[in-house]
Amino acid sequence: MPELPEVQTTVSGLQLIIKKQITSIKVNTTKLRYLIPKKIDQIAKNKEIIRIYRLGKYIIFELSNSISLIFHLGMTGRIRLLKKSDYRKLKHDHIIIYLNYNEVIIFNDPRKFGFVDISKTSEFKQKKYISNLGLDPFQKELDENYLLNKFDRSSIPIKQLLLNQKIVAGIGNIYANEILFDAKISPFLPGSQLDFHKVSKLIKSIRRILKKAISFGGTSLKDYVSVDGTLGNFQTKFKVYNRENEKISKFRVRRVIQYGRSTFFCPNLQKSKFNPPFYT
DNA sequence: AGGTCTGTTACTGA
DNA sequence: ATCAGTAACAGACC
């Protein structure tokens, strides 16, 4: 479920390999979402990893030769870090990065919706998928005016706007549901209906939920998230996600398909005239 | 056994 | 421009 908290957990775990060197990269699968650049091994070989950081849900490895590697985990991508002697190849291990000090980084992704790309460090921000990214939830530029401006006159439901990476980068389906519940805002409320007060609550909830999820090591529904294989635990803190028909105090959690994705919410605590009707 | 669902993103055609 | 539908893919679930 790599959304921002899982990507952040991964990036934090990878800080151990800063200043280490890539000795080679082995590509087992040539195409994930996109073709893996053929020259990746040749370009990264013998380069030092200077910096590893997150942009939205993207992971950036900045290398010493002014090249950056860009990873996206898609829906099921995972990165592991282990000693070479402990590594046993698993199904869907698509890319193996060998480091000095006998360590390996493994990119595993059953559904192959993730990808790996290469760019000059000075130019990668021009990649379309990066240049389109909206603000990071923790940037202070993300304030009421920024969001009001983006939501202005929009008839699109707020949940859909939260999932739009061009507005805020890093929120996916799980956290969109949890954030809106935390803010007591209906997922069906059109963007244009959010006033300053609601947007202010929304920003606080975005930061509160994401921070809390990061502190729990993210969410592990089916997969490991951290690079050493330990599970995240935020799923135990879900208020609405995956809790259809459960009670929150005396109210029921509902599930509705919205734009093709599951929306979980509590119609009583997230009231709106835009909510769909329920008869049972 | 087969149909349905899933954490993401991007493209299509209306 | 907006948006519903679909595609990429594997596996869990019923």
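The basis for the numbers below is simple: all heavy atoms, side chains too, and nothing from hydrogens, waters or symmetry mates. Within every chain, numbering begins at 1; the chains are lettered A, B, ... in the order of the sequence lines, protein sequences first and strands thereafter. Since this is a predicted model, take the numbers as computed values, not measurements.
Judged by atom type and distance alone, A:Arg33 reaches the base of B:dT9 through a side-chain donor-acceptor pair under 3.5 Å. For B:dT8, its base never sits under 3.5 Å from the side chain of A:Arg111 at any donor and acceptor pair.
Of the P atoms belonging to B:dA1 and C:dC9, the separation is 25 Å, rounded to the nearest Å. C:dG5 and B:dT4: their P atoms are spaced 16 Å apart (whole Å).
For the pair A:Asp136 and A:Leu55, the minimum side-chain heavy-atom distance is 4.5 Å or more.
Pair assignment for C:dC9: none, as no Watson-Crick or G-U wobble contacts are both less than 3.5 Å.
Between A:Ser155 and C:dC3 there is a side-chain N or O to OP1 or OP2 distance below 4.0 Å. Between A:Lys57 and B:dT9 there is a side-chain N or O to OP1 or OP2 distance below 4.0 Å. Phosphate proximity of C:dG11 to A:Lys91: present, with a side-chain N or O under 4.0 Å from OP1 or OP2. Between A:Gln165 and B:dT9, a side-chain N or O to OP1/OP2 separation shorter than 4.0 Å is present. For the pair A:Thr76 and C:dA10, the criterion of a side-chain N or O lying under 4.0 Å from OP1 or OP2 is not met. Applying the 4.0 Å criterion to OP1 and OP2 of C:dC9, one finds that A:His92 has every side-chain N and O outside that range.
Protein atom CG of A:Leu55 is 17 Å distant from nucleotide atom C1' of B:dT8, rounded to whole Å. The nearest whole Å value for the distance from the CZ atom in A:Phe115 to the C1' atom in B:dC11 is 15 Å. Put simply, CD1 on A:Ile156 is 10 Å from C1' on C:dA1, counting in whole angstrom units. Computed from coordinates, the A:Phe264 CZ to B:dT6 C1' distance equals 10 Å when rounded to whole Å. Whole-Å rounding puts the A:Asp117 CG to B:dT8 C1' distance at 16 Å. Atom CG in A:Asn173 sits roughly 12 Å away from atom C1' in B:dC5 (whole-Å rounding). Computed from coordinates, the A:Leu221 CG to C:dC13 P distance equals 11 Å when rounded to whole Å. With rounding to whole Å, A:Phe113 atom CZ is found 12 Å from B:dA10 atom C1'.
Residue pairs meeting the salt bridge (Lys or Arg N to Asp or Glu O under 4.0 Å) criterion with at least one member in residues 79-94 of chain A, sequence neighbours excluded: A:Arg80-A:Asp93, A:Lys83-A:Glu103.
Within the nucleic acid shown, A:Tyr34 comes within 4.0 Å of sugar-phosphate atoms alone, with no base atom in reach, counting heavy atoms only. The residue A:Leu32 sits apart from the nucleic acid: no heavy atom pair falls under 4.0 Å.
For A:Thr263 and A:Lys159, the side-chain atoms include at least one donor-acceptor pair closer than 3.5 Å. In summary, the side chains of A:Ser262 and A:Arg255 do present a donor paired with an acceptor at a separation below 3.5 Å, with no hydrogens or angles considered.
Of the candidates B:dT6, B:dC11, C:dC3, B:dC11 carries the atom nearest the A:Lys128 side chain, counting heavy atoms from C-beta on. In this structure, the nucleotide among B:dC5, C:dG11, B:dT9 sitting nearest to the side chain of A:Arg255 is B:dC5.
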Task: Derivation and outcome, side-chain hydrogen bond (donor to acceptor under 3.5 Å, both in side chains), residues A:Ser68 and A:Thr121 - done: CA-CA 5 Å; A:Ser68 288; A:Thr121 296; 2.8 Å; yes
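Cluster membership check: A:Ile95 does not share its hydrophobic cluster with A:Tyr98, using side-chain heavy-atom separations under 4.5 Å among Ile, Leu, Val, Met, Phe, Trp and Tyr.
Where A:Tyr241 and A:Tyr58 each meet DNA chain B at their nearest nucleotide, the meeting point lying more 5' is that of A:Tyr241.
Stacking between A:Tyr259 and C:dA4 is absent: the aromatic ring centre is not both under 5.5 angstrom from the base six-membered ring centre and within 30 degrees in plane angle.
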